[in-house]
Amino acid sequence: MKIQAPKGTRDFYPKQMAWRNYILDAWRRVSVRNGFDHVDGPIFELLDLYKIKSGDGIVSELFNFEDRGQRQLALRPEFTPTLARMVAAQAHALPKPIKWFCMPNLCRAERPQRGRLREFFQWNVDLLGCDEPIADAECIFTAVDLLRELGLGPHQVRVKISHRQTVRHVLVKLGVAEDKIIDAFNLLDRRDRLERKEFVANAAALGLDETRVQRLDEIGRMVFPAGRIDQMRTQIGVDDELGDLAGLDRELTAFGISDWCEYDLGIVRGLAYYTGIVFEIHEASGAERAMAGGGRYDGLIKLFGGPDTPAVGMGMGDVVLMNVLTDKGLMPEDASPRPDVFVIAASDAAAGRVSSVAAALRRRGLHTRFSYKSTRNVGKLLKDAAAAQARHAVILDDEASQGVASVKDLASGGQTQVAIADLPAHFTG
RNA sequence: GUGGGCGUAGCUCAGUUGGUUAGAGCACAGGGUUGUGAUCCCUGGGGUCGGGGGUUCGAGUCCCCUCGCUCACCCCA
């Protein structure tokens, strides 16, 4: 019996690996140019690390095991606890602000479905030690910068932003008691999935009458364009309570990404640990699950035993991102690295020179390939060169004994004679 | 964890009321011709028909169980 790959995992053959690298290379490139440093941690941690942040309930949603020393371990289902542990351990030695990114593979024991697998890659961008809205805005900018890098535009994706404190103020103003705030958040989060009757019944349990239930529903559905936060002031009737959101609005405009963003107080995020701004990035039609999510989590480093440290972060998975890019025709057909040169032997006499020519080119750093076929059929070998996406073909024939080869530009079809000894210099300019 | 749909070659599929040794195209590999990316031709590898059990003289086909994939629900750090 053949053994299959475990449920919800992927095999990366060269074609798929090229796509994966296409995404991860973009993540790395964009992170670096936005000033973030690359970090990573272990692929498994002590199970307790995850319990600290998420409680005992998390255990059923991750892969855990016991080592020979009876230690309870877990494959990492997220990176944030590792990051918090790392920061807490060296908090006083690290220069502030801390700007880190990583691209870990994460494992979750969930039933796979569209946009969700059991092992996936997640780009994490975190900025710690700064409690100003510019940090939140830079985090969002970095995510937008990536989406733009991959060919997406503001009409294809939406960054939906909310704020824990603003929503709390609105809820309190509506008459929700302090001890019911969490329930109210949950209700707001689930409003699209609930029948109207259920929604009203749940809202009534929060102490809201029919008019106020109606108002809560309205507010949950309101969307305001970034750069026009004044609309939120007048339509929702908040002002001083806007706080950070007003500051963020100015920064998003300054970063030049307000056309990508909008405010949506219906965005909740399941996390109990977010303390301020929260956001999600969705494909504009809303067809896919969230492409990215993040927010401010000022209390977390302290929770892991470090100093009180403000923090904002963002996570983006590779699965939904690739779904969206594929649907919009933005994934390259072939993302494999293109050979600079493909060496061809057009005669038996020339065949013996292929490896030495290839070696000379490779020593100069040129991506060089050749065929293992015994045919001297130039047409067939050129087809192989084209299939490999090579930029040039070097054709060795009987003239090779005089030290000359033909160089064919596979894009233009043009062909010139070049001395074999000059080939490395010819291609490296 | 719950429910729907789907399982024949790497991919897309055909396979008659159950009937001989399960096929095609594409892809892949080797080769030939015109020697310069095309076209054409020859050859080859590859399937326990997802797996197991049952009915039958005989099962890819009918029945049961199971596994996997997929979509949705739950959840979503």
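Letters A, B, ... mirror the listed sequences (proteins, then strands); counts begin at 1.
Pairing of B/rG10, defined by two Watson-Crick or G-U wobble distances under 3.5 Å, is identified with B/rC26. Under the Watson-Crick or G-U wobble criterion, with both distances below 3.5 Å, B/rU21 has no partner in any strand shown. Checking B/rU16 for Watson-Crick or G-U wobble geometry (two distances, each under 3.5 Å) identifies no partner in any strand. Using Watson-Crick or G-U wobble geometry with both donor-acceptor distances under 3.5 Å, B/rU36 finds no partner in any strand shown. Remark: B/rG1 base-pairs with B/rC73. Criterion, Watson-Crick or G-U wobble with two distances under 3.5 Å.
Residue-level contact check: A/Asp409 touches the bases, meaning some heavy atom is under 4.0 Å from a base atom. A/Gly8 comes within 4.0 angstrom of sugar-phosphate atoms only, judged by non-hydrogen atoms across all strands, and of no base. Heavy atoms of A/Gly293 sit nowhere under 4.0 angstrom from any nucleic acid atom.
Taking atom P in both B/rC40 and B/rA27, one finds a spacing of 11 Å when rounded to whole Å. Separating the C1' atom of B/rC64 from that of B/rC26 is a span of 37 Å, rounded to the nearest Å. Comparing B/rG30 with B/rC6, their P atoms sit 40 Å apart, to the nearest whole Å. The same atom, P, is picked in B/rU61 and in B/rG19; the two are 11 Å apart, to the nearest Å. Between B/rC67 and B/rG10, the two P atoms lie 24 Å apart (nearest whole Å). The separation of B/rC76 from B/rU16, taken at their P atoms, amounts to 49 Å, rounded to a whole angstrom. Between the P atoms of B/rG7 and B/rC13, the separation comes to 10 Å (whole Å). Distance noted for atom C1' between B/rC74 and B/rG4: 16 Å (whole Å).
When the nearest nucleotides of RNA chain B are assigned to A/Lys7 and A/Ile395 by heavy-atom distance, the more 5′-ward of the two goes with A/Ile395. Both A/Asn377 and A/Ala390 sit near RNA chain B, but only A/Asn377 has its closest nucleotide nearer the 5' end.
Look at CZ on A/Arg289: it is 10 Å from P on B/rC74, rounded to the nearest Å. The OH-C1' distance, from A/Tyr372 to B/rA29, rounds to 15 Å in whole Å. Rounded to an integer number of Å, the gap from A/Asp384 CG to B/rG35 P is 20 Å. A/Leu62 places its CG atom 14 Å from the P atom of B/rA77, with the value rounded to the nearest Å. Atom C1' of nucleotide B/rA77 and atom CZ of A/Arg296 are separated by 19 Å, given to the nearest angstrom. Taking atom CD on A/Gln389 and atom P on B/rG37, their separation rounds to 18 Å, with Å as the unit. Protein atom CE of A/Met291 is 17 Å distant from nucleotide atom C1' of B/rC76, rounded to whole Å. The CD atom of A/Glu110 sits 10 Å away from the P atom of B/rA77 (whole-angstrom rounding).
Distances shown here put a side-chain N or O of A/Thr375 below 4.0 Å from the OP1 or OP2 atom of B/rG32. Close to B/rC76, at under 4.0 Å from its OP1 or OP2, lies no side-chain N or O of A/Arg116. Distances shorter than 4.0 Å separate some side-chain N or O of A/Lys383 from OP1 or OP2 on B/rA38. Between A/Lys380 and B/rG35, a side-chain N or O to OP1/OP2 separation shorter than 4.0 Å is absent.
Ion pair A/Glu178/A/Arg168 flagged as a salt bridge, since at least one NZ, NE, NH1 or NH2 atom sits closer than 4.0 Å to an Asp/Glu carboxylate oxygen. Using a cut-off of 4.0 Å between Lys/Arg side-chain N and Asp/Glu carboxylate O, A/Asp217 and A/Arg221 are scored as salt-bridged. The pair A/Arg20-A/Asp318 fails the salt-bridge criterion, with no side-chain N (NZ, NE, NH1 or NH2) lying under 4.0 Å from an Asp/Glu carboxylate O. Using a cutoff of 4.0 Å between basic side-chain nitrogens and carboxylate oxygens, A/Arg33 and A/Asp145 are scored as salt-bridged.
Ring pair A/Phe121/A/Phe12 is perpendicular by interplanar angle, where above 60° counts as perpendicular and below 30° as parallel.
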Pairs: protein N or O with nucleotides 2-5 of chain B N or O, under 3.5 Å:
{"residue": "B/rU2", "atom": "O4", "partner": "A/Arg111", "partner atom": "NH1", "Å": "2.7"}

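Out of B/rG37, B/rC73, B/rU70, the shortest distance to the side chain of A/Pro112 is found at B/rU70. Comparing B/rA72, B/rG37, B/rU70 by their nearest atom to the side chain of A/Leu410 picks out B/rG37. Closest to the side chain of A/Ile58, out of B/rC71, B/rA77, B/rG30, is B/rA77. Picking from B/rG30, B/rA77, B/rG37 the nucleotide with the shortest atom distance to the side chain of A/Lys373 gives B/rG30. Nearest to the side chain of A/Arg114, among B/rA77, B/rG37, B/rA72, sits B/rA72. Taking only side-chain atoms of A/Gln113, from C-beta outward, the nucleotide of B/rC74, B/rU34, B/rA77 with the closest atom is B/rC74.
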CA sep, side-chain torsions, deciding dist, call: A/Val378, A/Asp397, side-chain contact (heavy atoms from CB on, under 4.5 Å): CA-CA 10 Å; A/Val378 176; A/Asp397 52 22; over 6 Å; no

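Counting atom types as modelled, A/Arg269 pairs no side-chain N or O with a base atom of B/rA77 as donor and acceptor under 3.5 Å.
Taken to the nearest 0.5 Å, the CD1 atom of A/Ile344 stands 13.0 Å off from the NZ atom of A/Lys380.
In terms of modelled atom types and a separation under 3.5 Å, the side chain of A/Arg118 and the main chain of A/Glu110 share a donor-acceptor contact. Listed for the A/Asp422 side chain is no donor-acceptor partner under 3.5 Å among the backbone atoms of A/Val418. Of the possible donor and acceptor atoms, none in the side chain of A/Lys160 sits under 3.5 Å from a partner among the backbone N and O of A/Val223.
Separation of the A/Phe101 and A/His38 ring centroids falls under the 6.0 Å cut-off.
With a glycosidic angle no more than 90° from 0, B/rG35 adopts the syn conformation.
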